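Read the structure below first, then the notes.
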Amino acid sequence: AFRVNVVPLMRKEKIVGVVAVFRDITEIRELEKMRSEFVANVSHELRTPLTSIKGFVETLLDGAMEDREVARRFLEIINVETNRLSRLINDILSLSSIEAKNKEISRSPVNFNEIVEKVLPILVPMAEEKNITVETDIHPDLPVIMANEDLIKQVLINLVDNAIKYTPENGRVVLSATPSGGGLKVSVKDTGIGIPPESMSRLFERFYRVDKARSRELGGTGLGLAIVKHALEAHGGTIKVESQVGMGSKFTFYLPAI
Ligand code: ADP
């Protein structure tokens, strides 16, 4: 798409010609379109839990409160939906803060081993609930990289959290890290449900889920992988995924030293 500006060329108060300036606005249009799609998605995602909360509160006020058992069930649903709203808002805010900073994130020397030590205690209890083992295979001599520790933690949490969420009981998750090209290569591998080939290219889009109902049931926001991708890109890193339906998935990311 082009935007055209036409400027008359005057000489002695006469129009002697025109200059037309063509400006390619395809990219601007695309950005505008993506932004408005995102706003529409966000509104929809926020409205769903809100509508449910409002419905249950109104029913309680209309008399359901009299029955203690019913009241308890409704309050539990309200609690779950409130937690979802709060996760959604947190994810939306992290995503837009990473985007706003773009490549200007603050960095300090990061020891990946220490990050793993910090995030495992958050994730292992979730895995234990499903009898999933979380194994680590971390190279002893990883280089220290210049990175934003909070973002790297978030990347790791989101990937391992997904690996646990999308793996049935008694499965296995392996987190490995090796030095690579001066930086780090990290992979998160699971024995889970896998990802169909036609979904692979869309995984990192905001709010994209292979199975909406399943993601919702597992408490997903559909933003986890979008956050991962943006956080890695802000570091000049990359991510790829390999998967086979019914066999498992492997997400591998690369982080440069600086
Ligand atoms: P969600 O909050 O739905 O988990 P994500 O952005 O983290 O959102 O992931 C997007 C979708 O990618 C998920 O809904 C799921 O369908 C798929 N996915 C992500 N990680 C895995 C995995 N390890 N195994 C299978 N599917 C996965």
Side-chain angles (χ1 to χ4, degrees), residues 34 37-38 41-42 44-49 80-99 119-120 122-124 126-127 129-137 151-177 186-234 237-253:
M34 271 172 59
E37 271 172 12
F38 180 59
N41 279 331
V42 165
H44 173 77
E45 298 286 339
L46 292 176
R47 199 169 287 142
T48 312
V80 167
E81 294 299 313
T82 312
N83 288 337
R84 169 190 301 287
L85 260 185
S86 146
R87 269 199 308 278
L88 259 169
I89 291 166
N90 281 337
D91 280 359
I92 291 164
L93 291 178
S94 350
L95 195 56
S96 66
S97 118
I98 303 169
E99 270 193 326
V119 303
L120 279 185
I122 306 171
L123 297 159
V124 167
M126 288 172 38
E129 270 177 36
K130 296 170 78 180
N131 198 31
I132 291 173
T133 55
V134 179
E135 290 163 38
T136 53
D137 179 11
L151 287 182
I152 302 304
K153 264 193 213 152
Q154 193 64 57
V155 166
L156 210 53
I157 290 174
N158 289 3
L159 291 177
V160 178
D161 178 63
N162 277 349
I164 297 169
K165 271 194 322 204
Y166 300 107
T167 296
E169 300 215 332
N170 308 317
R172 183 164 165 250
V173 172
V174 184
L175 166 64
S176 7
V186 180
S187 68
V188 178
K189 190 169 174 287
D190 65 55
T191 57
I193 59 175
I195 298 153
E198 66 274 16
S199 297
M200 296 287 260
S201 64
R202 302 199 56 194
L203 282 189
F204 297 93
E205 283 175 25
R206 296 150 180 190
F207 297 119
Y208 179 81
R209 290 108 152 176
V210 175
D211 180 340
K212 220 170 180 145
R214 190 194 304 246
S215 155
R216 219 185 124 74
E217 208 174 292
L218 296 168
T221 61
L223 291 174
L225 288 180
I227 292 174
V228 164
K229 181 166 173 266
H230 279 83
L232 290 170
E233 280 175 356
T238 52
I239 183 159
K240 66 167 186 177
V241 49
E242 299 151 84
S243 186
Q244 223 178 324
V245 173
M247 300 295 286
S249 312
K250 182 179 177 188
F251 288 79
T252 306
F253 67 84

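The first residue in the sequence is number 1, and the count goes up from there. Note that these values count all heavy atoms, side chains included, but never hydrogens, waters or copies made by symmetry. Ligands are counted one by one from 1 in listed order, and the atoms in each one are counted from 1 as well. Because the structure is predicted, anything quoted here is derived from the model rather than measured.
Heavy atoms of Arg214 found under 4.0 angstrom from ligand 1: none, in either backbone or side chain.
Contacts of Asn83 classified as side-chain contact (heavy atoms from CB on, under 4.5 Å), with partners at least two apart in sequence or in another chain: Asn79, Arg87. Residues passing the side-chain contact (heavy atoms from CB on, under 4.5 Å) test with Ile157 are Val119, Ile122, Leu123, sequence neighbours excluded.
For the pair Tyr166 and ligand 1, the shortest N or O to N or O distance falls below 3.5 Å. Residue Ala226 has no nitrogen or oxygen atom sitting less than 3.5 Å from a nitrogen or oxygen atom of ligand 1, judged on distance alone. In terms of polar-atom proximity, defined here as any N/O pair under 3.5 Å, Phe251 makes no such contact with ligand 1. Residue-to-ligand polar distances keep Ile195 apart from ligand 1: every N/O pair is separated by 3.5 Å or more.
For Lys240, the NZ atom sits in a loose shell: 12 or fewer heavy atoms of surrounding residues, nucleotides or ligands are nearer than 6.0 Å.
Which parts of ligand 1 touch Tyr208 is read off a 4.0 Å heavy-atom cut-off, strictly below it: atoms 10 (C), 11 (C). Remark: ligand 1 atoms within the under-4.0 Å shell around heavy atoms of Gly194 are 25 (C).
Protein heavy atom closest to atom 17 (C) of ligand 1, with residue, atom name and distance, is Leu203 CD2, 3.9 Å. From the protein, the heavy atom lying nearest to atom 23 (N) of ligand 1 is Asp190 OD2, 2.9 Å.
A donor-acceptor contact closer than 3.5 angstrom links the side chains of Asn158 and Gln154.
Considering only heavy atoms from C-beta on, Ile195 stays 4.5 Å or farther from Tyr166 through its side chain.
Ring-plane geometry between Phe251 and Phe204 is classed as perpendicular, the angle between the planes exceeding 60 degrees on a 0 to 90 degree scale with a lower cut at 30.
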